[in-house]
There are 2 protein chains.
Amino acid sequence: MVEHSAIAQLAAAMSDEPAPIYQRVKQAIISQIRAGSWKANQRVPSESELVNELGVSRMTINRALRELTSEGFLVRMQGVGTFVAEMKGYTAMLEVHNIADEITQRGHQHRCQILAIGQNKADPEQAAVLGLSTGQTIFHSLIVHYEDDLPVQLEDRLVNPLVAPDYLSQDYHQLTPYTYLMQVAPLTAGEHIVEAVLPDARQRKYLSLDDHEPCLLIRRQTWSDTKIVTYARLLYPGSRYKLLGRFKGHG
Amino acid sequence: MVEHSAIAQLAAAMSDEPAPIYQRVKQAIISQIRAGSWKANQRVPSESELVNELGVSRMTINRALRELTSEGFLVRMQGVGTFVAEMKGYTAMLEVHNIADEITQRGHQHRCQILAIGQNKADPEQAAVLGLSTGQTIFHSLIVHYEDDLPVQLEDRLVNPLVAPDYLSQDYHQLTPYTYLMQVAPLTAGEHIVEAVLPDARQRKYLSLDDHEPCLLIRRQTWSDTKIVTYARLLYPGSRYKLLGRFKGHG
DNA sequence: CAGTGGTCTAGACCACGAA
DNA sequence: TCGTGGTCTAGACCACTGC
């Protein structure tokens with residue numbers, strides 16, 4: 001049971017603008033949380049209480065609470081109740097796009113140089129990142145991406161040949177490895193790590209960098225279904241590339 | 001109207017595992033899209049068709065389609081129909097957490113050293129990033145965050161005194177500036193830029209870094225409502241800090 | 001106009017957790 | 001046992017779109 005005041009406050013917070021009921025219920029609850037009237041871990045009125053007090057059917061209340069739960073405002077436990085979720089600080093997001101799209105979207109020209117492409121027997125480290133066994137054949141490619149004649153990314157990629165058997169016979173001047181892999185094996189999940197590193201001599205040469213110029217390194221593993229499709233090491237000159245992200249708080 | 005085969009395929013794809021009906025409908029539709037049977041922009045059977053052919057109530061079908069829409073698989077237009085969404089490549093996300101939480105979650109101890117805190121008249125650049133006028137009073141702080149005696153973040157922060165007038169009188173050994181600001185002005189939006197840089201001599205000293213050690217720099221601007229609350233420059237030693245992110249493709 | 005999705009209701013049965 | 005949330009139904013009215 002929740003004190004009467006909580007529901008009275010909520011009823012007062014219900015706007016009477018012409019909007020769907022479940023939306024107004026959601027907004028009213030959000031405003032209670034934002035204003036601090038309902039604090040983290042505090043219990044929220046039960047569905048049946050809300051039904052009685054707001055005079056709305058349970059399916060409508062349920063939809064409002066369910067959506068707020070999936071949006072991270074509430075936590076629900078069957079048999080227990082509904083509670084205000086803890087704001088775990090924020091988890092802001094950075095979007096990481098396909099390099100070719102990013103460049104053309106900026107209105108610049110993308111072109112690339114293929115430094116190497118081929119196959120080899122996987123050493124233990126390579127096998128591990130692709131989820132294969134040591135000694136199995138794997139594909140690899142090394143490509144520099146240019147934005148209007150300025151190198152902006154060195155793409156060092158390992159590919160699982162079981163997933164993309166025709167990887168070696170594509171023309172990567174026409175489409176990026178990423179785009180090709182998306183076509184043959186739509187990705188279902190991925191993981192990446194962003195860090196700052198100093199490139200080695202060979203990398204500096206390919207990216208036309210001076211000594212001691214730092215780089216962003218993104219290491220990315222991509223799954224399709226249960227198989228690892230590819231492992232990529234994307235190296236960006238720190239002076240020429242930045243990751244940009246926006247985020248919204250709860251709401 | 002959608003050809004009969006589309007629905008027949010879907011009915012065949014419905015698993016009979018003991019799961020909620022709307023979940024099974026969702027899975028069946030996802031598998032059609034993944035398998036390529038239903039292609040981007042193709043029309044999906046209407047709610048009433050699915051009701052008739054699958055023998056499920058409309059509310060259940062509606063929930064399945066509505067959730068798939070909010071998950072990015074489908075696009076719906078009132079009066080027109082439901083269509084398979086275009087996969088726009090991926091936009092992967094990186095989560096960026098509060099440094100103190102991150103350290104304690106790893107089971108380590110977080111402590112910090114306050115190098116400077118005070119106020120000054122905003123120079124043009126500072127005014128710009130806080131959305132204020134040149135010469136207005138602003139707050140600033142410079143704090144090093146340690147993970148078990150190893151410095152991992154140099155936090156250089158500007159704060160809008162109109163939003164957080166008591167910023168200077170808090171004890172930042174007890175709670176981080178971020179946590180305090182969240183309390184007084186729940187953030188509604190933000191923007192940040194991640195790049196790789198070389199720290200200057202002063203920064204190297206605070207972070208106990210050798211020459212030429214690259215760092216991750218996150219510059220972050222945070223809004224509450226329409227006002228900019230704070231502008232932070234977070235500098236992380238590249239050798240001691242990495243950003244980790246996971247992402248899921250469509251499903 | 002007919003067909004689409006968007007919303008809402010009143011009632012129902014169930015699985016779960018706490019007392 | 002009782003209250004909780006999780007799901008499902010059959011029917012309804014509405015707004016929007018295209019013909």
Side-chain angles (χ1 to χ4, degrees), chain A residues 1-4 6-7 10-11 14-29 38 41-85, chain B residues 1-4 6-7 10-11 14-29 38 41-85:
Chain A
M1 184 57 178
V2 165
E3 325 116 54
H4 182 66
I7 300 185
L10 190 68
M14 286 274 290
S15 80
D16 39 8
E17 286 166 27
I21 299 176
Y22 77 92
Q23 290 279 13
R24 279 154 48 204
V25 173
K26 283 176 67 176
Q27 275 311 316
I29 292 175
W38 293 5
N41 299 313
Q42 181 180 323
R43 197 165 185 294
V44 159
S46 75
E47 294 194 354
S48 67
E49 286 175 310
L50 291 169
V51 165
N52 294 331
E53 303 298 325
L54 300 182
V56 174
S57 99
R58 193 184 150 210
M59 277 302 281
T60 303
I61 295 293
N62 179 269
R63 176 169 176 183
L65 296 180
R66 182 155 35 81
E67 291 190 1
L68 286 173
T69 301
S70 83
E71 290 163 19
F73 287 95
L74 301 177
V75 173
R76 315 195 75 186
M77 279 176 293
Q78 198 175 58
V80 183
T82 302
F83 305 85
V84 176
Chain B
M1 183 57 178
V2 166
E3 326 117 52
H4 181 66
I7 301 185
L10 190 68
M14 288 272 292
S15 79
D16 40 7
E17 287 166 27
I21 300 177
Y22 77 93
Q23 290 279 13
R24 280 156 45 205
V25 173
K26 284 176 66 176
Q27 277 310 315
I29 293 175
W38 295 4
N41 300 312
Q42 181 180 323
R43 197 166 185 292
V44 159
S46 75
E47 293 195 353
S48 67
E49 286 176 308
L50 290 170
V51 165
N52 294 331
E53 301 298 325
L54 300 181
V56 174
S57 99
R58 194 183 151 212
M59 276 302 282
T60 303
I61 295 294
N62 179 270
R63 176 169 176 184
L65 296 181
R66 182 157 35 81
E67 292 190 359
L68 286 174
T69 301
S70 84
E71 289 163 19
F73 287 96
L74 301 177
V75 174
R76 317 195 76 186
M77 280 176 293
Q78 197 174 59
V80 184
T82 302
F83 305 85
V84 176

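Just so we're on the same page: letters track the sequence lines, and every chain starts at 1. Just so you know, these numbers use all the heavy atoms, side chains as well, and skip hydrogens, waters and symmetry mates. Note that the coordinates shown come from a computational prediction; the quantities given were computed from them, not determined experimentally.
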Whole-Å distance separating the [atom1] atom of [X] from the [atom2] atom of [N]:
| X | N | atom1 | atom2 | value |
| --- | --- | --- | --- | --- |
| A/Leu74 | D/dG5 | CG | P | 11 Å |
| A/Arg66 | C/dC8 | CZ | P | 13 Å |
| A/Asn52 | D/dT4 | CG | C1' | 14 Å |
| A/Glu67 | D/dG6 | CD | P | 14 Å |
| B/Glu49 | C/dA2 | CD | P | 17 Å |
| A/Leu50 | D/dT4 | CG | C1' | 13 Å |
| B/Phe83 | C/dG3 | CZ | P | 16 Å |
| A/Glu47 | C/dC14 | CD | C1' | 14 Å |

Just so I know, are the side chains of B/Val25 and B/Leu68 near enough to count as touching, which here means a heavy-atom distance under 4.5 Å? no
Nearest listed nucleotide, side chain of B/Arg63, among C/dC8, D/dT7, D/dT4: D/dT7
Counting side-chain heavy atoms from C-beta on, which of C/dT7, D/dT7, C/dG5 comes nearest to A/Pro20?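 So the nucleotide nearest the side chain must be C/dT7.
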Atom pair CH2 (B/Trp38) and CG (B/Leu10), whose distance is rounded to the nearest 0.5 Å: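 Atom-to-atom, B/Trp38:CH2 and B/Leu10:CG are 4.5 Å apart.
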Indicate every side-chain donor-acceptor pair of residues 50-57 of chain A with a distance under 3.5 Å to a residue at least two apart or in another chain.
unit_1: A/Asn52; atom_1: ND2; unit_2: A/Ser48; atom_2: O; d: 3.1
unit_1: A/Ser57; atom_1: OG; unit_2: A/Met59; atom_2: N; d: 3.4

Generate the contact string for nucleotides 9-19 of chain D. Rules: B means base contact, S means sugar-phosphate contact only, - means no protein heavy atom under 4.0 Å. BBBB--BBB--
Within the structure, does a side-chain N or O atom of [X] lie under 4.0 Å from either OP1 or OP2 of [N]?
| X | N | value |
| --- | --- | --- |
| B/Arg76 | C/dG6 | yes |
| A/Tyr22 | C/dT7 | yes |
| B/Ser48 | C/dT4 | yes |

Output all residues satisfying side-chain hydrogen bond (donor to acceptor under 3.5 Å, both in side chains) with B/Arg63, sequence neighbours left out; order by chain, then residue number.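 Checked B/Arg63 against side-chain hydrogen bond (donor to acceptor under 3.5 Å, both in side chains); matches are B/Tyr22, B/Glu67.
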Residues 74-84 of chain A vs salt bridge (charged side-chain N to carboxylate O under 4.0 Å, His left out), sequence neighbours excluded, gives A/Glu47-A/Arg76
Quick one: does any side-chain atom of A/Glu49 pair with a main-chain N or O of A/Ser46 as donor and acceptor, under 3.5 Å? yes
Would you check if there is a donor-acceptor pair between the side chains of B/Arg58 and B/Asn62 at a distance under 3.5 Å? no
